[in-house]
Amino acid sequence: MMKVLVLGVGAQGSAAARRLDEEPEVKEIVCADYDVKAVESLVAKLKKGRGAQVDAHDLDSIIAAAEGVDLIINGLPLECTENVLDAALAVKAHYQDYAGTISLYNKWLNSEERKAHPEEPDVDDESTLNWYRSLCAMYYVYGPKFEEIGKLCLFGTGSAPGLICAATKKSMRYLDSCETIYNFVWEGAYAKRFQPFWWSPITALTDMSEVAIALKDGKLVNTHSFGDDVVRKFVENDEPIVFREHCHDEPLQYSFNKDTHFKGVKNAYFKYAGAGMDFAKPLYEAGLLSHEEEDFNGMKIVPFDFVLSHIPPAPKYREEIQEIIDEGLALDSGCMVIEAYGKKDGKDILVETHVNAPGFVESFERAGMTGEMYLTGQGGYLFSKLFLDGSFDGMSGVISSDMINQKQVDRYFEYAEKLGITLGTEIKEI
């Protein structure tokens, strides 16, 4: 029996907590957030839930909530990562993070471990370098610390990164070598009201404001955000969709693991489309996603902060979601597709994998949540399930979601099928 701490009870954390509440292997779920109303609302729906208010910027506050837990699930903003990692080490718990991190670059720059891994991508963008350095800190600084306490730290475990990484990893079994990976995501749920994002607006807009990254010819490079268009007409689309470059975790994670987990892949891209991209593209091009302070009519403003202040939060309460459905959706669709190009038995092969999952309305009917909450929350829960069923027994250190083995991938999607999340894979000679 395991005791679990869910830190952050937004779209991801609340969905996972509800699933964990049904698990016989879970003894207690500590639901923690600074937002007391959100905590109380969630705990009221759980049989095994207990609430706690936590200030994630205070390490001692997290440790107090985490005492005695076996697994900490982090659904908090990225700047809180270091505190939650340190709390997991302090209480000797497994650690699972829905995201990665961008906040550990100073820890890496000041570490002794850096001497053994001096290489860095040849890019000018400082945020890309700091993101790369932060992952180095995860793998090479925190990895040995989690090994020392015999616990596993697993990060990037939502829908993307997370579920899409597991699906991409599964694609590798059909190839002898891999040349190129495309991860495509189309957010095709459009409300009739102004609702550009179905997840945290600050996380979404931060991604939208950053320079994009890709793996090209074996090297991590910056690409033009919202550029390098790729058009696809998948079975999920009534019309061709324009997918664009986007700053996301997958190419970065795959770059670290290209030889050990991805058959020597040379190129990896994350291509994105949908309501959020449609909304953010003109803002980005107009400079309104800049984080630099500027003078406007004698006042100092940060364009990003000003825009963010006008974005509605993602709906997370049942009554909010019901209102949106009652208004009628302009579109209820979407897709997540992996294209993996490589060779098998000397032939050029495309492995095309589609993730099939409930849409907006079906997700609400199944679980009282949005499609984004469902896919990301279930994606995260399924990794938690691997902790609960012993699939990670004997593993310690730090890994990202693309580093789980093929046996764990199969178990993951065996559980996913019971939640209406399945894979469709077609192997094509090209």
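No more than 12 heavy atoms of other residues, nucleotides or ligands shown are found within 6.0 angstrom of CD on Glu148. Under a cut-off of 6.0 angstrom, the local environment of NZ in Lys27 is sparse, with at most 12 non-hydrogen atoms contributed by other residues, nucleotides or ligands. Remark: Glu417 CD is loosely packed, at most 12 non-hydrogen atoms of other residues, nucleotides or ligands lying under 6.0 Å away. For Phe392, the CZ atom sits in a packed shell: over 12 heavy atoms of surrounding residues, nucleotides or ligands are nearer than 6.0 Å.
Looking at Lys233 and Glu239, no side-chain N of the basic residue comes within less than 4.0 Å of a carboxylate O on the acidic one, giving no salt bridge. Taking a cutoff of 4.0 Å between a charged side-chain nitrogen and a carboxylate oxygen, Glu429 and Lys344 do not qualify as a salt bridge. Ion pairing between Asp410 and Arg173 holds under the 4.0 Å rule for side-chain N and carboxylate O. For Asp402 and Lys169, the salt-bridge test fails: no basic side-chain N is under 4.0 Å from an acidic carboxylate O. Taking 4.0 Å as the cut-off between side-chain N and carboxylate O, Glu23 and Lys48 do not count as a salt-bridged pair. A salt bridge links Arg232 to Glu339: one of the charged nitrogens lies within less than 4.0 Å of a carboxylate oxygen.
Not a single donor-acceptor pair under 3.5 Å links the side chain of Asp249 to the backbone N or O of Pro161. At distances below 3.5 Å, at least one donor-acceptor pair connects side-chain atoms of Thr81 with backbone N or O atoms of Leu78. No side-chain donor-acceptor contact under 3.5 Å links Glu320 to the backbone of Gln322. Gln53 contributes a side-chain N or O that, together with a main-chain N or O of Tyr34, makes up a donor-acceptor pair within less than 3.5 Å. The closest donor-acceptor contact from the side chain of Asp125 to the backbone of Val211 lies at 3.5 Å or more, if one exists at all. The closest donor-acceptor contact from the side chain of Asp217 to the backbone of Asn267 lies at 3.5 Å or more, if one exists at all. A donor-acceptor pair under 3.5 Å is absent between the side-chain atoms of Tyr139 and the main chain of Gly397, judged by distance alone. For the pair Asn83 (side chain) and Ala56 (backbone), a donor-acceptor distance under 3.5 Å is present. In this structure, the side chain of Arg133 does not engage the main chain of Thr128 through any donor-acceptor pair within 3.5 Å. With hydrogens and angles disregarded, no donor-acceptor distance shorter than 3.5 Å links the side chain of Thr203 to the backbone of Trp199.
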| message | Would Trp198 and Phe360 count as a ring pair (Phe, Tyr, Trp, His ring centres under 6.0 Å) here? Give the steps. | response | CA-CA 10 Å; Trp198 299 111; Phe360 192 104; 4.9 Å; yes

| said: Apply salt bridge (charged side-chain N to carboxylate O under 4.0 Å, His left out) to residues Lys343 and Asp348 and explain how you reach the verdict. | reply: CA-CA 5 Å; Lys343 288 189 178 292; Asp348 291 324; 2.6 Å; yes

| message | Apply side-chain hydrogen bond (donor to acceptor under 3.5 Å, both in side chains) to residues Ser111 and Lys107 and explain how you reach the verdict. | response | CA-CA 6 Å; Ser111 71; Lys107 184 175 283 286; over 6 Å; no

| said: Under the criterion side chain to side chain contact (heavy atoms under 4.5 Å, CB included), I'd like the reasoning laid out for Leu129 against Val123: C-alpha separation, chi angles, the key distance, then a yes or no. | reply: CA-CA 7 Å; Leu129 284 172; Val123 296; 3.9 Å; yes

| Verdict with reasoning, Tyr381 to Phe383, per ring pair (Phe, Tyr, Trp, His ring centres under 6.0 Å) | CA-CA 5 Å; Tyr381 153 74; Phe383 285 103; over 10 Å; no

| said: I'd like to know whether Tyr272 forms a ring pair (Phe, Tyr, Trp, His ring centres under 6.0 Å) with Phe243, so could you lay out the CA-CA distance, the side-chain angles of the two residues, the decisive distance to 0.1 Å, and finally the verdict. | reply: CA-CA 5 Å; Tyr272 203 20; Phe243 293 87; 8.8 Å; no

| Can Tyr317 and Ile321 be said to form a side chain to side chain contact (heavy atoms under 4.5 Å, CB included), step by step? | CA-CA 7 Å; Tyr317 298 114; Ile321 303 168; over 6 Å; no

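The SG atom of Cys153 sits 4.0 Å away from atom CE of Met138, with the distance rounded to the nearest 0.5 Å. Of the inter-residue distances, the one linking Lys170 atom NZ with Leu423 atom CG reads 5.5 Å to the nearest 0.5 angstrom. The structure places CD of Glu352 at 10.0 Å from OG of Ser171, a figure rounded to the nearest 0.5 Å. With values rounded to the nearest 0.5 angstrom, Glu79 atom CD is found 6.5 Å from Ile202 atom CD1. Atom CG of Asn183 and atom CD1 of Ile181 lie 7.0 Å apart (nearest 0.5 Å). Here the CD atom belonging to Gln378 is positioned 5.5 Å from the CE atom belonging to Met369, to the nearest 0.5 angstrom.
Checked by atom type, the side-chain pair Gln253/Asn257 shows no donor-acceptor distance below 3.5 Å. Between the side chains of Ser134 and Thr101, not a single donor N or O lies within less than 3.5 Å of an accepting N or O. Defined by atom type and a distance below 3.5 Å, a donor-acceptor pair is missing between the side-chain atoms of Ser225 and His246. A donor and an acceptor atom, one from each side chain of Glu245 and His224, are nowhere located under 3.5 Å apart. Judged by distance alone, the side chains of Lys37 and Ser41 never bring a donor and an acceptor atom under 3.5 Å apart. With hydrogens and angles left out, the side-chain atoms of Ser61 and Asp58 include no donor and acceptor closer than 3.5 Å. Counted by atom type alone, Thr223 and Asp228 present zero donor-acceptor pairs between their side chains at under 3.5 Å. Between Ser159 and Tyr98, the side chains place no donor N or O within less than 3.5 Å of an acceptor N or O (distance only, hydrogens not considered).
Side-chain contact between Ser177 and Leu175: absent, with no pair of heavy atoms (C-beta onward) separated by less than 4.5 Å. Looking only at side-chain heavy atoms (C-beta outward), Tyr132 and Leu220 come within less than 4.5 Å of each other.
Aromatic ring centres of Phe270 and Phe184 lie farther apart than the 6.0 Å criterion allows. Taking the six-membered ring for Trp and the full ring otherwise, Tyr140 and Trp108 have centroids separated by under 6.0 Å.
In this view, Lys3 and Glu28 satisfy the salt bridge (Lys or Arg N to Asp or Glu O under 4.0 Å) rule, not counting sequence neighbours.
Ring geometry, Tyr254 versus Phe262: the interplanar angle falls from 30° to 60°, so the pair is classed tilted. Relative orientation of the Phe146 and Tyr142 rings is tilted, given thresholds of 30° and 60° on the angle between their planes.
Sorted by first and then second residue, the side-chain hydrogen bond (donor to acceptor under 3.5 Å, both in side chains) pairs involving residues 387-397 (not counting sequence neighbours) are Asp389-Ser391, Asp389-Arg411, Asp389-Tyr415.
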Contacts table for residues 90-97: side-chain donor-acceptor under 3.5 angstrom, sequence neighbours left out:
| unit_1 | atom_1 | unit_2 | atom_2 | d |
| --- | --- | --- | --- | --- |
| His94 | ND1 | Leu152 | N | 3.0 |
| Tyr95 | OH | Asn74 | ND2 | 2.9 |
| Tyr95 | OH | Asp97 | OD2 | 2.6 |
| Gln96 | OE1 | Ser384 | OG | 2.7 |
| Gln96 | NE2 | Thr157 | OG1 | 3.1 |
| Gln96 | NE2 | Gly380 | O | 2.9 |
| Asp97 | OD1 | Ala99 | N | 2.9 |
| Asp97 | OD2 | Asn74 | ND2 | 3.2 |

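Of the residues Asp278, Leu329, Asp332, the one that meets the side chain to side chain contact (heavy atoms under 4.5 Å, CB included) test with Tyr190 is Asp278.
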